[in-house]
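First comes the structure, then the notes that go with it.
Every chain is numbered from 1 and lettered A, B, ... according to where its sequence line falls, protein lines coming before strand lines. What you see below is based on every heavy atom in this structure, not just the backbone, and it leaves out hydrogens, waters and symmetry mates. Values in this document were obtained by computation on a predicted structure and should not be read as measured data.
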Amino acid sequence: MKLPDESVDESRRSFLRTGVLVVSFALFAPSRLFAKKDTLGTEILAPNLPGSLKSNPMLDAWIRIDAQGISVYSGKVELGTGVRTALWQIAADQLAVPLQAVHFVTADTGLTPNEGYTAGSHTMADGGTAIYNASAQVRKMLLDAAAKKLGTSAERLSLKDGTIVAQDGRTLTYAQAVEGINLHRYADPVSPPSDPARYRYIGKSIPRVDIPAKVTGGPAYVQDMRLPGMLHARVVRPPSRGAVLEEADIDGTRRMPGVVAVVRDGNYLAVAASSEWQAILAMRDLQQSAKWHPTRTWFTPDELHQVLKELPHQDFLDADQPMVVDATGPRVKATTTKQYLQHGSIGPSCAIAHLDGDTLTVWTHTQGVFPLRAGLAGMLDMPIEKVRCIHVEGAGCYGHNGADDAAADAALIAAHVPGRPVRVQWMRDQEQMWEPFGAAMVTELDASLDSSGRLANWRYELWSTAHNERITNPGRLMPTWLLAKPMVPAPSVPIPQPEGDADRNAIPPYRIPGLKVTMHFVTQMPFRTSAQRSLGAHVNVVAMESAMDEFAAAAGKDATDFRLQHLEDPRAKAVIALARDQFDWAARLRNLPRGSGVGFAFSRYKNIMGYCAVAMELHFDEETREVRFPHIVAVADCGQVVNPDGLRNQLEGGIVQSISWTLHEEVLFDKDGVKSVDWATYPILRFNQVPAVIETFLIDQPGDSFLGAAEIAQAPTAAALVNAMARATGVRSHRLPLMRYPPFAG
Amino acid sequence: MINLTVNGKLHQVDVTPDTPLLYVLRNELQMNAAKFGCGMGQCGACTVIVGDRTVFSCLYPIASVGDRDVRTVEGLGTAESPGPLQQAFIDHQAVQCGYCIAGMIMRAQALLEEIAQPTEAQIRAHMNPNLCRCGTHMRILAAIRSAAASGRITPRQKVQGA
Amino acid sequence: MASMFSKRRIAGASAGIVVLGAILYFALAWHPAMAPVSQPDVPLTAGVVSQGQRIAELGDCVVCHTGPAGARYAGGLPLRTPFGTLYTTNITPDRETGIGNWSLQAFRRAMREGVARDGQLLYPAFPYIHYTHVTDDDLKALYAFLMTRGAVHAPARSNELLLPLRFRPMLAFWNLLYVHEGPRPSMGASPVERGRYLVEGLGHCSSCHTPLNLIGGEKGGDYLGGGEVDGWSAPPLDALLGAPQPWTQEQLVAYLSTGLATEHGAAAGPMRPVVENLSRVPREDVEAIAAYLFSIQNKAVHNAAAQPEASAALANHVSNGKTVFEAACATCHGSGSAMSAYEQRPPLALSSAFNGSSEHNAVLTVLQGLPWPSEPGVTTYMPAFADVLTDAQIADVVTYLRVSAAGRPAWPDVNKTVANLRKESSP
Ligand code: FES
Ligand code: FES
């Protein structure tokens, strides 16, 4: 079997090596007394343990040591954010071994702990924390065991490159030390302390392990897997949601060269062929003969935000502090709107499925192999243990894109050609048309200062469909909607506060006595929406930080001072002050060329994770409506930094992506459905539009907890951009994307 | 059978003449660098060099190649011994998901073979056809600048192009 | 693309004309210099400036007055004409190299009579024969708009013209023939009138869409009857009902303001920047242009498609063309493709490029593609195939689509056309 990359190869070998043993190690806790789901959908079995140990409390779920070496298992996946390397660094340092000595395995339902989804900037906070603690505890157990074996005390032992060394020079390998001790035990709530001064990897910019293959054409992605006897499949989708297939020349397509199967199940159509090109030609042939009958019409983008307000919704009161009487200062009322966004992965979704006897194996770039496994088992009515999902990287997803749905396609088609692995590759238009979108939103703010120029009252309401339509039942897999017996998605449920869903970061971090925040959670979805980086924070922080600027101006205060005056958290204040100083805020503000503006914004992601402040200068050309960014500064405090360069990379990427969203991106649609089906109808930022300079600064907190980073820059970047545009043009607009709506559009 | 030279090595492939070069590279020759991104010449994930032209291999009929050499990222170096641009991308960690990167490297390679010391404006204009969704642009630009500064990229010998 | 919007318009002169001209030019060619001004002599209020921007967009000023990779309005675009190459001039308010010391009066004279502030005659590649019909108010607004652009120091490049034409006073004779001075301010009366004003004045549509005579003048008798620019054929604007799917006013408005008509195709070549500009002007202006054009449809509907002739050579072309089409074109243009299913792109069977009398537009579109849109309202893009397909392959695929999709007789000698156009359009 040819496998895509070393990591997969390794995990495969390890699977074979451990064989049936795998099933014997328990990922289940003895008691489900406390069982409750966390925000990523995994069950909490041990609420008193740190990070993902809560849901996977057994040490041997994470670390196994035997004669063949040290294996560390993570239920998190590499999505292009560098977490594979960062998690690996943590394990190596805490186990006091060189990186190379750790055999690092990620998300595979047959091997690794179930950490739900890799999402929401949770990886370091949950997975990193679990590995950090489990490794420290295992290290302590090894030392204790070695001490007993060597007849000395643990304090008299030292660790050197994976060997335990006694003061008299005797040594034991980890494998020798571990003999006779059982790692199949509950983790402790408290781990032995680690001395940050002794870290070789944590806090260092260790080059990412996945990059050499990616720049030299090594196999790195699920797209690069080639299994013996593998068929290539393509799906044929209806032209809009709800369209009904009237006829298709199935037999004609079946007769084409190389075609092995043509699948029709209700409105579901797919082809499988020996070669990829034959599959594409067959797909085209079927597309051409398929006649569809639309059954739905949509509203227009102009009506979108009114429609959102009128659809059925549930209300959630996120904050309700009584309004104060002294609210006689300046008042800000503002409506902020956002259109649907696409994740727009550069590589359309892909998956491979292989039904071998009664076992289905699926290689997928999903963010959550375990929930996907449950969904696929339900879809095909198979016992869950007969389905295995193995994560292999895909292109960056930025949230819930087509990955799970493509896996469902692969599984559905594989069920028609048992014994042969089937590779499904979505086409560009299929990805853009059928991926769940980032939700459109509308928010309304009404806030005022008191007579002394401080924030007094703040009323904020927002309307949005779900930001989290993850795979909680088979009906959440889009291909099942097309089957002759369609499946029904589970009802939408919002992620609760403090993380929030559409209301993520809707509660201001600032001291405000009178506060009322309401989320109108729309339960009927005109277009399917699900998680996209930062969820509702993108819009909520724009609304909030724009108002902060207006209030600062009304109170005659500097924008950064005004924020600092309303904050107590010293870490928040430190981030803001550093961004202000590194950007040289005051001087830039004074010397603005014509058409230029500076903007500032701050937010702490979900109010509980990484802190991020962004300051930017932009230039707006009124005639060409081009926006240039001469200088951007971002400052982040993400707790203890594991890989500084990786963190900077995420900040830079988040800034560029957010500029693209905020200025240009929206899904085009009309009464017939989605019209953004390629890069011409859904343009994203290009090289000639990206900033001239982005500088990032990190505030490290050695020994402190890990706070995630992958989504922290999006919201403050968008808000700083809106504020900078207001300064550059004298007009403040909250209609996103800015360049497609008045006053900045033609 | 169609003859095809890739990175200096001659192959014979059994495909129909309407097959785009991308699928021949990926499936017949089992090479990974050129990626499927859109199949419409819109994103550059599939960028390779044919003769002296930088092209989108997703819409390049295999029948067009003729006896010109096809160059892909695999031809620039290996993980053990990366070429100058590959090394610069590693040095700058100019990758997030990396899906776009092989295409980026090939487009940049073509630029540096043509103009050894491009200006910032020339780099940006030249790279404009290629998309990156992760927002790795700043690092990609930095990597290209430093590969140019290294002076290690040999100027292109003019070959007969289309 | 070499000269983006090269106006092939320029006065030519034969020897006889030289003699005639010699007699006349003393009388005609001498114009006084106008005094420089130290600052613009109209108030540069926001309202006037934004009105001026609309005028500039309707007049496509930026298209010609911006050089390759140069600053906007700073000139330097080469215009290749049968008489040599001209470089457009700097119309930013730079005092030394631009129009910074021009008065409104000097500006108006240049726009209406083709005379620079210093009295020198301008070459009629600059369409003053059309701008002469622009109203005083609009010229004033345009002046205000240009005077508020950033001043860019960009000295004019010297033109590379045939010898006799380097002598500018020669132009006086040409002007005598073609300049029919003065505004035609019947605007506002009706959309058709407004449209006529825009088409004949600011839009200077006939610069490209009217055939030229030997000395580079528009043939008066065939107004908007179709011309040629940079190898592209600019279709007749008075035969819109002769398309396979006759144009409607609605389709024309969509075409002019988004670059896409779902029954005809996408704006390409020199028309692309025009629609990008028009995508920014108020819709009523575009509707007026369409209304006027629909009022001049006088040509007999000519469109009965003759059956293609069958031959072995043609069959070979067609089958090779189909191979190329599957590999390079079908993802977007195949029937059932996303583009046709969701984006309402016209099937190539209806495309003007494959139904016209000349193969030029089809060939050039394949060679050059369509650039990435620079305006949000425009969503058409096509990669260039110059580096992907050989001349023979382009000829094959164009022939395949002409015959199989459009169902029309093959164009003769497409191979040769491809070779020529490739040569002309490569930098
Ligand atoms: S895959 Fe070829 S350009 Fe996108
Ligand atoms: S690095 Fe992910 S698309 Fe460029």
Pair B:R107, B:N130: side-chain N/O donor-acceptor within cut-off below 3.5 Å: yes
Is A:L281 close to chain B through its backbone or its side chain, or both, or neither, when contacts mean heavy atoms under 4.5 Å? side chain
Go through the atoms of B:T72 and report whether side chain, backbone, both or neither lie under 4.5 Å from a heavy atom of chain A. neither
For the side chain of A:H232 and the backbone of A:V422, is there at least one donor-acceptor N/O pair under 3.5 Å apart? no
So which of A:P212, A:G396, A:A395 has the biggest tally of heavy-atom pairs under 4.5 Å with chain B? A:A395
If you count heavy-atom pairs under 4.5 Å with chain B, which of A:V215, A:N649, A:I211 comes out on top? A:N649
Got a salt bridge between A:E393 and A:K214, using NZ or NE/NH1/NH2 to carboxylate O under 4.0 Å? yes
Could you look at B:Y23 and say if it's the side chain, the backbone, both or neither that has a heavy atom under 4.5 Å from chain A? side chain
Donor-acceptor side-chain pairing of B:H92 and B:S146 below 3.5 angstrom: yes
Do the non-hydrogen side-chain atoms of A:H365 and A:V392 ever get within less than 4.5 Å of each other? no
Exercise: do A:Q432 and A:R428 side chains pair donor with acceptor under 3.5 Å: yes
Specify which of B:T136, B:L131, B:L22, B:V15 makes the most heavy-atom pairs with chain A at under 4.5 Å. B:L131
In terms of side-chain heavy atoms, does B:Q96 have a donor or acceptor partner in A:Q650 at a distance below 3.5 Å? yes
Pick whichever of B:A79, B:G83, B:A125 has the most heavy-atom pairs under 4.5 Å with chain A. B:A79
Let me know if B:D18 has heavy atoms under 4.5 Å from chain A in its side chain, its backbone, both or neither. both
What's the separation between atom CD1 in B:I49 and atom OG in B:S57, rounded to the nearest 0.5 Å? 12.0 Å
Between A:W426 and chain B, which part of the residue has a heavy atom less than 4.5 Å away: side chain, backbone, both or neither? backbone
Top residue by heavy-atom pair count (under 4.5 Å) with chain B, among A:V693, A:T81, A:V656? A:V656
Under 4.5 Å to a heavy atom of chain A? For B:I101 that would be side chain
With only heavy atoms counted, which part of A:Q425 is less than 4.5 Å from chain B, the side chain, the backbone, both or neither? side chain
Counting heavy-atom pairs closer than 4.5 Å to chain A, which one of B:M40, B:Q86, B:H137 comes out on top? B:H137
Are any of the side-chain heavy atoms of A:T118 and A:T106 separated by less than 4.5 Å? no
Is A:S275 close to chain B through its backbone or its side chain, or both, or neither, when contacts mean heavy atoms under 4.5 Å? neither
Let me know if A:Q342 has heavy atoms under 4.5 Å from chain B in its side chain, its backbone, both or neither. backbone
Heavy-atom proximity to chain A below 4.5 Å, by part of B:M31: backbone
Given heavy-atom pairs under 4.5 angstrom as the criterion, report whether the side chain, backbone, both or neither of A:P691 touches chain B. both
Non-hydrogen atoms of chain B under 4.5 Å away: do they reach the side chain of A:I346, the backbone, both or neither? both
Please look at B:T78 and chain A and tell me whether the side chain, the backbone, both or neither of the residue comes under 4.5 angstrom of a heavy atom of that chain. backbone
Using a distance-only test with no angle check, is there a side-chain donor-acceptor pair under 3.5 angstrom linking B:N32 and A:R226? yes
Hey, which of B:E28, B:Q93, B:R139 has the most heavy atom pairs under 4.5 Å with chain A? B:R139
Pair B:R133 + A:E665, salt bridge at N-O below 4.0 Å: yes
Answer with side chain, backbone, both or neither: which region of B:L85 has an atom nearer than 4.5 Å to a non-hydrogen atom of chain A? neither
Given B:E120, B:K35, B:Q42, the one with more heavy-atom pairs under 4.5 angstrom with chain A than any other is B:Q42
If I measure from the heavy atoms of chain B, does A:I280 come under 4.5 Å with its side chain, its backbone, both, or neither? side chain
Under 3.5 Å: donor-acceptor pair, side chain of B:Q12, backbone of B:I2: no
Spell out, as yes or no, whether a donor-acceptor pair under 3.5 Å connects the side chain of B:R26 to the backbone of B:A34. yes
Centroid separation A:H343 to A:Y398 less than 6.0 Å: no
Contact leader toward chain B among A:L79, A:D210, A:I659, A:D678, where contacts are heavy-atom pairs under 4.5 Å: A:D678
